[in-house]
Amino acid sequence: MDQIRIRGGLRLQGRLQISGAKNAALALMPAALLTDEPLTLRNLPRLADVDTCGHLLNQLGVSTHIEGARPDSFGRVLTLRAGRITSTTAPYDIVRRMRASILVLGPLLAREGLATVSRPGGCAIGNRPIDLHLKGLEALGATIELDRGYVRATASRGLSGARITFPTVSVGATENVLMAAVLAKGMTVIENAAREPEIVDLARCLVAMGARIDGIGTERLEVEGVSRLHGATYRVMPDRIETGSYACAAAITGGDVLLVGAERETMGATLQALAEAGVELLPEPEGLRVRRRNGLAGISVQTAPYPGFPTDMQAQVMALVTVAEGASILTETIFENRYMHVPELARMGADITVRGRSAFIRGVGRLTGAPVMATDLRASMSLVIAGLAAEGETLVRRVYHLDRGYERLEEKLAGVGADIERIAGDG
Ligand code: UD1
């Protein structure tokens, strides 16, 4: 397995291109199942998870055609066409690799009246149930059976609109129910819907395909079902988590980097936390310039559903404040087990104590490079960020986590002056 080697201590400077959003792409691609006409997605990031999603859709009978795959360019154009659905089963082998596979459930059910999807199981950041997805689909008239690790959903007479109130805000459940509701008979109201920008992106794409959705971007979505959707061309939003991650990377090195294509409007809570830590954020016509000239201050942040501070930024911001001048408190409220990066950051010299859902971080003068590894995507990125500032060499193992969610990470960071390379083997 490959590793990433970083020799830390260099100041990052220059321009870095932001890619299309992973979590938007993984919801937009299954939307292609809702129509027999082509759905063309522009600005699709090149990521292992996007490839996995493509393979899954291929297995269901969706054809995929990629353009713009020039090796020197970021992003691709992908045309998906679900002319005829040949299978309604998402097998364990794919779902266990990528939890977002669960997002084919709603669209398959809406289009074919039948979907069989492996249950995802737990993962490194916690238990991650899918009960809300299933209750939402049941409310639309689906019958759900659980059989040997699979969820089998049927709606032989089609789905009908309903009022659904989620007890907890869930990104995935909102997406699944929204995709099912657009083809259901009559009106669906989703209360306490997640408002993440990736859901807004999905809803806008569905509208471009002929769906009728009101309340986009609010916690109450009203969907008037239509009998069919048509094809569309849609541009995937910029990745706000990738943007935030590279902002932390620039800041921890005392750098000055223009994040080209970054969209500030979707990043309020992240930018506020960075500003409180003493990072300068300068809007520019091309994107967002991130600069740090003074020391970092400690911060207090709690993760929450959008527009709150994203759980997907917690690990990266933690890496940043390990070298702040003061103390910080980060509290994780979304996932129960999302501190797997803490012992690894500690191996690099960070001073962090976890008590319950909170992590207390005392800033240290410097970090030192070490061999490290992480068990999930954002945790791995936090180790890269720490490695950029650490003295000496850091080896980040299990690079496949990074490849799931960061398009050509080492190339982007080397482009702004980091000493970083991918090396083959376990070392
Ligand atoms: C999505 C993102 C993931 C991100 C997370 C939080 C995608 C593909 N994944 O994950 O990267 O880290 O949002 O922003 O976009 N819950 C239930 N029952 C359910 C579903 C969720 O109890 O059926 C709980 C979860 O355990 C968690 C909370 O609801 O505590 C939020 O989870 P959710 O928003 O669903 O996260 P995902 O959609 O899995």
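Read the numbers this way: they start at 1 and go in the same order the structure lists the ligands and their atoms.
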Q: Any atoms of ligand 1 less than 4.0 Å from a non-hydrogen atom of V169? List them with their elements.
A: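 Near V169, the atoms of ligand 1 are 29 (O), 31 (C).
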Q: S118 versus I94: any side-chain heavy-atom pair under 4.5 Å?
A: no
Q: Assess whether a salt bridge exists between E37 and R228, defined as any Lys/Arg side-chain N lying under 4.0 Å from an Asp/Glu carboxylate O.
A: yes
Q: Can you name the closest pair of heavy atoms from L109 and A153 and give their distance?
A: CD1-O, 3.5 Å
Q: Less than 4.5 Å apart, any side-chain heavy atom of V62 and any of R81?
A: no
Q: Taking atom 16 (N) of ligand 1 as the point of reference, which of I334, D312, L132 owns the nearest heavy atom?
A: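 Nearest option to atom 16 (N) of ligand 1, by heavy atoms: L132.
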Q: For Q316 and S382, does a side-chain donor sit closer than 3.5 Å to a side-chain acceptor?
A: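 Result is no, nothing qualifies.
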Q: In terms of atom number and element, which parts of ligand 1 are under 4.0 angstrom from non-hydrogen atoms of R338?
A: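 Listed by number with element, the hits are 12 (O).
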Q: What part of S170 sits under 4.0 Å from ligand 1 if we count only heavy atoms: the side chain, the backbone, both or neither?
A: both
Q: Where's the contact between L134 and ligand 1, heavy-atom distance under 4.0 Å: side chain, backbone, both or neither?
A: neither
Q: Nearest non-hydrogen contact with atom 10 (O) of ligand 1 belongs to which option: R128, M98, R99?
A: R128
Q: Here's a test for you: under side-chain hydrogen bond (donor to acceptor under 3.5 Å, both in side chains), which of R240, K22, R338 qualifies with D312?
A: R338
Q: Suppose we measure from atom 36 (O) of ligand 1 to each protein heavy atom; which comes out shortest, and what is that distance?
A: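 It is F335 CZ, 3.8 Å.
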Q: I'd like the name of whichever of P129, G405, P167 reaches closest to atom 20 (C) of ligand 1 through any heavy atom.
A: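 Going through P129, G405, P167 one by one, P129 has the nearest heavy atom to atom 20 (C) of ligand 1.
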Q: Non-hydrogen atoms of T174 versus ligand 1: any pair closer than 4.0 Å?
A: no
Q: Among all the protein's non-hydrogen atoms, which is closest to atom 14 (O) of ligand 1, and how far away is it?
A: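 I find the closest protein heavy atom is T311 CG2, 3.7 Å.
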Q: Below 4.0 Å, non-hydrogen atoms only: which portion of M313 touches ligand 1? Side chain, backbone, both or neither.
A: neither
Q: Scan the protein's non-hydrogen atoms and note whether one is under 4.0 Å from atom 7 (C) of ligand 1.
A: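 Yes.
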Q: Would you mind running through ligand 1 and noting each atom that sits below 4.0 Å from a heavy atom of I130?
A: 19 (C), 23 (O)
Q: Do the non-hydrogen side-chain atoms of L402 and I4 ever get within less than 4.5 Å of each other?
A: yes
Q: Please identify which atoms of ligand 1 are closer than 4.0 Å to at least one heavy atom of A100.
A: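 Heavy-atom distances to A100 below 4.0 Å select 8 (C).
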Q: Does any non-hydrogen side-chain atom of F166 lie less than 4.5 Å from one of V177?
A: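 Yes, at least one pair of side-chain atoms sits under 4.5 Å.
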Q: When you check the side-chain N and O atoms of E332 and T311, is any donor under 3.5 Å from an acceptor?
A: yes
Q: Can you figure out which of I199, V171, N23 has its heavy atom closest to atom 2 (C) of ligand 1?
A: N23
Q: Given that the side chain starts at C-beta and the backbone is N, CA, C, O, which of these parts of H133 lies under 4.0 Å from ligand 1, counting heavy atoms, or is it both or neither?
A: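 Within the 4.0 Å criterion, H133 contacts ligand 1 through backbone and side-chain atoms alike.
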Q: Checking salt bridge (Lys or Arg N to Asp or Glu O under 4.0 Å) against D403, which of R422, R398, R46 comes through?
A: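 For D403, the salt bridge (Lys or Arg N to Asp or Glu O under 4.0 Å) test succeeds with only one of R422, R398, R46, which is R422.
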Q: Tell me which protein heavy atom sits closest to atom 38 (O) of ligand 1, plus the residue, atom name and distance to 0.1 Å.
A: G172 N, 2.7 Å
Q: Between L345 and I352, is the side chain to side chain contact (heavy atoms under 4.5 Å, CB included) condition met? List the steps.
A: CA-CA 8 Å; L345 290 171; I352 307 169; 4.0 Å; yes
Q: More than 12 foreign heavy atoms under 6.0 Å from CZ of R362: is that the case here?
A: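 No, CZ of R362 has 12 or fewer neighbouring heavy atoms, counting only those of other groups under 6.0 Å.
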Q: Which residue and atom name correspond to the protein heavy atom nearest atom 24 (C) of ligand 1, and how close is it?
A: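 Scanning the protein heavy atoms, the shortest distance from atom 24 (C) of ligand 1 goes to T168 CG2, 4.6 Å.
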Q: How far is atom 18 (N) of ligand 1 from its nearest protein heavy atom, and which residue and atom is that?
A: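 For atom 18 (N) of ligand 1, the nearest protein heavy atom is D131 OD1, 2.7 Å.
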